[in-house]
Amino acid sequence: MALCTLLFVCRRKFDIASTSRIKTFALEYSTRSLVEVGKLEIPKIQGKYDAGQLFLHRVFGYRGVILFPWSARVYDRDILASKKTTKTPDTDTNTSNQVGREVKGRNHTYYQVLIDSRDCPHIRAQTEAVTFLGQQENSKSLYAIPGLDYSAHEDILPYRTTEPQPLCHELFDKFLMPDPDKDPPFEARETLRAWQERNHPWLELSDVHKETTENIRVTVTPFYMGCRESQNSTVFWWRYCIRLENLGELSVQLRERHWRIFSLSGTLETVRGRGVIGQEPLLSPQQPAFQYSSHISLQAPSGHMWGTFRMEREDGHTFDCRIPPFSLESKNEDNNLPTGVV
């Protein structure tokens, strides 16, 4: 069956209409006009996309290119929806010991991708979310690679283009080279393979946790970043990425966060505050998703996190949206420090 679709990025949401030709357009934000960037291809139901595949992100609308795949275990607590309970993370003292145990994980493909720098200012996701520890042993500094992201297989909308420079990112030409005989017409350079191998422990996506409360889906992905010696103790670092999606028809705004952080050392910490990363994002039907990253350090090689977001609906109704519990696990580092940049 032929796919005939006009795809527009309009108000940062896709509008789709039938046509006799397959074209893909992206919104030029500076002029508010539509410009053609390529031809939409049929998304893959089975199999993986290759390195160099250009795509539009289904949720955030940015242009991107695939670098390499990851195989992750997805723990979706929505499959337990039939086992309704009135317990919340505030009242269930055993929650910290139930991370993923009653939820069977399934393998799912994600991709390491580059984001087009022209789209970075206009998407509701941090574009400097992939961070690394500083290379000094006693350093607590963090540094980021702008425009590096992770995308689920179902969020990939592949397209082809004839533009000589299809993507604007400083690493595009360092990681990929043109190959007109291939489909997609790019090939991974040895630089990309070496960078992937060198930074594998700090880039690896292994576990993804999901849970939905009153049409607000929360997806959490933790990453181990390494450890550093601090006087007489060792400090272990993680970053975690959180995506919120409004699956309903009414606008909902995030007002507060409430975290519980359990460390293997035996400590249990509670953190409360307004919003997240200084914002109180509004999840509307036009802009239903928001994504951010943050960091946590423990003086123990493992721990757990869970909590809630206090949400306010446009009709005034407030509710606590559950953040699925997830593990913080360290890895054997073999004294390899993350290098991040090429």
Sequence neighbours excluded, every pair satisfying salt bridge (Lys or Arg N to Asp or Glu O under 4.0 Å) that has a member inside residues 300-311
Arg310-Asp320

So, for His153 and Tyr49, is the gap between ring centers shorter than 6.0 Å?
yes

Is the shortest side-chain heavy-atom distance between Arg77 and Thr212 below 4.5 Å?
no

So, Ser284 side chain and Ser251 main chain: donor-acceptor pair closer than 3.5 Å or not?
no

Let me confirm one number: the CG-CD1 distance from Leu328 to Ile261, rounded to the nearest 0.5 Å.
8.5 Å

Ignoring hydrogens and angles, tell me if any N or O in the side chain of Ser327 forms a donor-acceptor pair with the backbone of Glu329 under 3.5 Å.
no

Kindly give the heavy-atom pair with the smallest separation between Phe186 and Gly52, and that separation in Å.
CD1-O, 3.3 Å

Considering only heavy atoms from C-beta outward, does the side chain of Ile216 approach that of Phe309 to under 4.5 Å?
no

When you group the ILVMFWY residues by side-chain heavy-atom contacts below 4.5 Å and let the links chain together, are Leu250 and Phe290 in the same group?
no

Do Leu203 and Leu148 pass the side-chain contact (heavy atoms from CB on, under 4.5 Å) test, and can you show the C-alpha distance, the side-chain angles, and the key distance before you say yes or no?
CA-CA 10 Å; Leu203 291 171; Leu148 189 64; 4.2 Å; yes

With the side chain counted from C-beta on, respond yes when Pro325 and His304 share a heavy-atom pair under 4.5 Å apart, and no when they do not.
no

Please check if Leu282 and Leu244 belong to a single hydrophobic cluster, counting links between Ile, Leu, Val, Met, Phe, Trp and Tyr side chain heavy atoms closer than 4.5 Å.
no

How about Glu214 and Cys321: do any of their side-chain heavy atoms sit closer than 4.5 Å?
no

Is there a path of hydrophobic side-chain contacts, each under 4.5 Å between heavy atoms of I/L/V/M/F/W/Y residues, joining Tyr292 to Ile296?
yes

Can you list the steps and then say if Ile277 with Gln126 is a side-chain contact (heavy atoms from CB on, under 4.5 Å)?
CA-CA 10 Å; Ile277 61 168; Gln126 284 178 295; 4.0 Å; yes

Applied to residues 274-291, the salt bridge (Lys or Arg N to Asp or Glu O under 4.0 Å) test, sequence neighbours excluded, yields Arg255-Glu280, Glu256-Arg274, Arg274-Glu280

Evaluation steps, side-chain contact (heavy atoms from CB on, under 4.5 Å), between Arg239 and Ser293
CA-CA 7 Å; Arg239 71 177 184 271; Ser293 289; 5.6 Å; no

Reference residue Met311; test side-chain contact (heavy atoms from CB on, under 4.5 Å); the match among Thr318, Asn215, Leu283
Leu283

Counting only heavy atoms not in Gln165, do more than 12 sit closer than 6.0 Å to its CD atom?
yes

State, without any angle test, whether Thr308 and Arg322 hold a side-chain donor-acceptor pair at a distance under 3.5 Å.
no

May I ask you to check whether over 12 heavy atoms, not counting those of Glu190, lie within 6.0 Å of atom CD?
yes

Measuring only between side-chain heavy atoms, which start at C-beta, is Tyr111 closer than 4.5 Å to Asp155?
no

Quick one: are Arg243 and Val59 in side-chain contact, heavy atoms under 4.5 Å?
yes

Minimal non-hydrogen separation, Gln53 against Pro158, with atom names:
NE2-CB, 3.5 Å

Go through the steps to decide whether Phe175 and Phe68 satisfy the test ring-ring contact (aromatic ring centres under 6.0 Å, His included), and finish with yes or no.
CA-CA 11 Å; Phe175 283 166; Phe68 47 81; 8.3 Å; no

Under 3.5 Å, is there a donor on one side chain and an acceptor on the other for Gln112 and Trp70?
yes

Taking the side chain as C-beta and beyond, is there a heavy-atom pair between Ile156 and Pro43 under 4.5 Å?
no

Nearest 0.5 Å, please: how far is CH2 in Trp195 from CG in Leu67?
6.5 Å

Measure across Thr234 and Cys227 and return the closest heavy-atom pair with its distance rounded to 0.1 Å.
CG2-CB, 3.8 Å

From the list Trp238, Trp237, Tyr150, Trp202, ring pair (Phe, Tyr, Trp, His ring centres under 6.0 Å) with Phe223 holds only for Tyr150

What's the verdict on side-chain contact (heavy atoms from CB on, under 4.5 Å) for Asp207 and Phe326, showing C-alpha distance, side-chain angles and the deciding distance?
CA-CA 9 Å; Asp207 294 338; Phe326 57 96; over 6 Å; no

Looking only at heavy atoms, the pair that brings Ala51 and Pro184 closest together is O-CG, 3.7 Å

Just verifying a value: how many Å separate Thr219 OG1 and Gln291 CD, rounded to the nearest 0.5 Å?
8.5 Å

In terms of hydrophobic clusters joined by side-chain contacts under 4.5 Å, are Leu171 and Met177 together?
no

Trp259 ring center within less than 6.0 Å of Tyr240 ring center
yes

All heavy atoms of Pro222 vs all of His209, minimum pair found to be CD-CD2, 4.3 Å

NZ/NE/NH1/NH2 to OD/OE distance under 4.0 Å, Glu154 and Arg58
no

Please give me the minimum heavy-atom distance between Ile115 and His169, naming the atom from each residue.
O-CD2, 3.3 Å

Can Leu247 be reached from Val208 by stepping across I, L, V, M, F, W or Y side chains whose heavy atoms are under 4.5 Å apart?
no

Distance from Ile66 atom CD1 to Tyr110 atom OH, nearest 0.5 Å?
14.0 Å

For Arg73, look at atom CZ and say whether over 12 heavy atoms of other residues, nucleotides or ligands are found less than 6.0 Å away.
yes

Using modelled atom types only, decide if a donor and an acceptor are shared between the side chain of Arg189 and the backbone of Asp173 within a distance under 3.5 Å.
yes

How long is the span from the OH atom in Tyr62 to the CG atom in Asp116, to the nearest 0.5 Å?
11.0 Å

With rounding to the nearest 0.5 Å, note down the distance linking CG in Leu133 to OG in Ser297.
10.0 Å

Quick one: are Val37 and Arg63 in side-chain contact, heavy atoms under 4.5 Å?
yes

CD/Gln299: more than 12 non-hydrogen atoms of other groups inside 6.0 Å:
no

Which class fits the ring pair Phe60 and His57: parallel under 30°, tilted 30 to 60°, perpendicular over 60°?
tilted

